[in-house]
Student: 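A single structure is presented below for examination.
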There are 2 protein chains.
Amino acid sequence: MTLEVSSAVQDYAKAIYSLEQRCDGGAVSTNALAERLGVSAASASSMVKKLDGLGIVEHVPYRGVVLTGRGMNVALEVLRHHRLLERFLAEELGVPWDRVHDEAEVLEHVLSEELEELIAAKLGHPTIDPHGDPIPTADLKIVEPATVAMDGLEVGDSGRFVRVSDSDPEMLRYLGARGIAPGEPFEIVDKQPFGGPIFARFGDAGEAHPLGGRLAAAMRVEVGA
Amino acid sequence: MTLEVSSAVQDYAKAIYSLEQRCDGGAVSTNALAERLGVSAASASSMVKKLDGLGIVEHVPYRGVVLTGRGMNVALEVLRHHRLLERFLAEELGVPWDRVHDEAEVLEHVLSEELEELIAAKLGHPTIDPHGDPIPTADLKIVEPATVAMDGLEVGDSGRFVRVSDSDPEMLRYLGARGIAPGEPFEIVDKQPFGGPIFARFGDAGEAHPLGGRLAAAMRVEVGA
DNA sequence: GAATAAATTTAGCCTAGCCTAAAATCGTTT
DNA sequence: AAACGATTTTAGGCTAGGCTAAATTTATTC
Ligand SMILES: [Mn+2]
Ligand SMILES: [Mn+2]
Ligand SMILES: [Mn+2]
Ligand SMILES: [Mn+2]
């Protein structure tokens, strides 16, 4: 749709997009980018200079980068590939949801526009991936829903579990083994102090599941209702 | 299953395998390899030296290369990926048979063993791809059926059209538009002299199709019956 | 307003694969 | 046997994307 950029550039654009979402407000630091991508800060720095030259980012030396419109399109195109592929692998091929991410991470760079469209059509143009992440539309619009982390909730709060990071397979297996998946309504029934676990009851199931600190922090929810 | 080799090395192994099939008997020349892969002879030459170092080929300078056992495994592994993917794309996603090759050419290098197995299972462990090319088994055995080119046949000969090169989309579209696909029985009803077209009747259809020189040469058939 | 710690950039190096141009080798033909 | 043309290899370079180590800039703290 938009571009002719290498896999590396695509991954940088995607990482910058993701980091811009998190710490909203400002530019993405070279260090954060390097850590995210598992490369040295020096490598990220030199790549950032190239991305600026390509018109993917605006770079202010020592101050970080911001995606340009073009860069945003690159990121959203790859994100669409990634999330459609995750959904396709899970739904059509039965790949477990803790493994779809790594497969999609490489396939995303190699998916033609034609295949993208065929896959989207076959799946009925889905709007979220297996982890609850929104899939950008074919014309690269995306709605990032406002959510809060589950670990901030209190006893009595309820809502819907909508989304969880796709990059920690162990967490996903843990949740999967207990039948907890995005979309489930829940209610907080107990909470231990000092960063202890939070206890949530999902769906109409009887038992409450203890969710430890890191896990509850990774789970994003819609509150209310 | 076998290896950790780059996409480039995989494509070289595949090309050498294919060229060994053709001009049977001996080593594959640097020139043939270069032409096949669309690189300069110098590039092929230096890559050949590296392949020898990797144990993929046996290289006798100025004499050409032969695949080793390891090299054969690399080639067959990639060929299995390629052909399973072509079949998958055609069957599950409806990609037209003249376009599956180019898609598979990149996807083949990025398909995990897990995905390979899931795709094979979903398709019912097929033995041929959409062009009639045999798919190596999971343990990398392949049976290359003995076939002859259709342009060598004479009026009255009959048999089964089994295979056609997947790399010329235009030919494939031509055949596809006429409903001619591998598997069809046929009979030769006419043949023009001096490299002129050969006329074949396929299936139970009434009309005979004229098949020009290059096309008839690309179509491989089993004769008899 | 320095001194120091942290973040960032620069400098210099490496590997994979490609390229062109020049040299070397091979096979054939006189 | 020598010469010629074709094939193959070598020499030297280039780009992408990494790396480490050293400089530089920014932020913080006395
Ligand atoms: Mn990726
Ligand atoms: Mn996901
Ligand atoms: Mn390939
Ligand atoms: Mn094929």
Side-chain angles (χ1 to χ4, degrees), chain A residues 3-16 19-20 22-23 25-67 71 74-75 78 105-106 108-110, chain B residues 3-16 19-20 22-23 25-67 71 74-75 78 105-106 108-110:
Chain A
L3 27 36
E4 283 298 284
V5 299
S6 68
S7 296
V9 169
Q10 290 174 31
D11 278 338
Y12 272 89
K14 201 162 51 121
I16 294 165
L19 292 167
E20 278 186 354
R22 291 241 166 286
C23 306
V28 172
S29 77
T30 297
N31 247 11
L33 196 48
E35 186 179 2
R36 169 76 174 227
L37 290 169
V39 300
S40 71
S43 296
S45 183
S46 90
M47 194 58 155
V48 146
K49 205 162 47 174
K50 167 192 273 199
L51 294 176
D52 188 303
L54 290 172
I56 304 285
V57 303
E58 204 79 44
H59 178 220
V60 181
Y62 295 98
R63 284 287 128 82
V65 293
V66 182
L67 281 178
V74 171
V78 185
E105 196 59 49
V106 287
E108 65 189 4
H109 306 293
V110 152
Chain B
L3 28 33
E4 283 298 287
V5 298
S6 68
S7 296
V9 169
Q10 292 173 30
D11 278 338
Y12 272 88
K14 202 163 48 121
I16 294 166
L19 292 168
E20 278 185 357
R22 290 243 167 283
C23 305
V28 172
S29 76
T30 298
N31 247 11
L33 196 48
E35 187 180 0
R36 169 76 173 228
L37 290 169
V39 301
S40 71
S43 297
S45 183
S46 89
M47 193 56 153
V48 146
K49 206 162 46 173
K50 165 191 273 200
L51 294 175
D52 189 302
L54 290 173
I56 304 285
V57 303
E58 204 81 42
H59 178 219
V60 182
Y62 295 100
R63 282 290 128 81
V65 292
V66 183
L67 281 178
V74 172
V78 185
E105 195 60 49
V106 288
E108 64 189 3
H109 306 293
V110 151

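Quick note: numbers below take in every heavy atom, side chains included, and nothing from hydrogens, waters or symmetry partners. Sequence lines set the chain letters: A, B, ... in the order given, protein chains first and strands last, and positions in each chain run from 1.
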Student: Please state how far atom CG in A/L37 lies from atom C1' in D/dC19, giving the value in whole angstrom units.
Tutor: 15 Å
Student: What is the distance from CD of B/E35 to P of D/dT8, rounded to the nearest Å?
Tutor: 11 Å
Student: I want to check one thing: is the phosphate of D/dA6, taken as OP1 and OP2, less than 4.0 Å away from some side-chain N or O of B/N31?
Tutor: no
Student: Within a strict 4.5 Å, meaning less than it, do heavy atoms of the A/I56 and A/K50 side chains meet?
Tutor: no
Student: Could you tell me the separation between the NE2 atom of B/H109 and the C1' atom of C/dA16, rounded to a whole number of Å?
Tutor: 15 Å
Student: Does some side-chain heavy atom of A/I16 sit less than 4.5 Å from a side-chain heavy atom of A/R36?
Tutor: no
Student: When the distance from CG of A/D52 to P of C/dT9 is rounded to whole Å, what number comes out?
Tutor: 11 Å
Student: Just how far, in rounded Å, is C1' of D/dG18 from CG of A/D11?
Tutor: 14 Å
Student: What's the CD-C1' distance between A/E4 and D/dA16, to the nearest Å?
Tutor: 16 Å
Student: Provide a list of protein-nucleic acid N or O atom pairs under 3.5 angstrom, restricted to nucleotides 10-15 of chain C.
Tutor:
residue : atom : partner : partner atom : Å
C/dT10  : OP2  : A/K49   : NZ           : 3.3

Student: Tell me which residues in residues 54-64 of chain A lie within less than 4.0 Å of DNA chain D, going by non-hydrogen atoms.
Tutor: A/Y62, A/R63
Student: Between D/dT8, C/dT8, C/dG17, which nucleotide has the shortest distance from any of its atoms to the side chain of B/S29?
Tutor: D/dT8
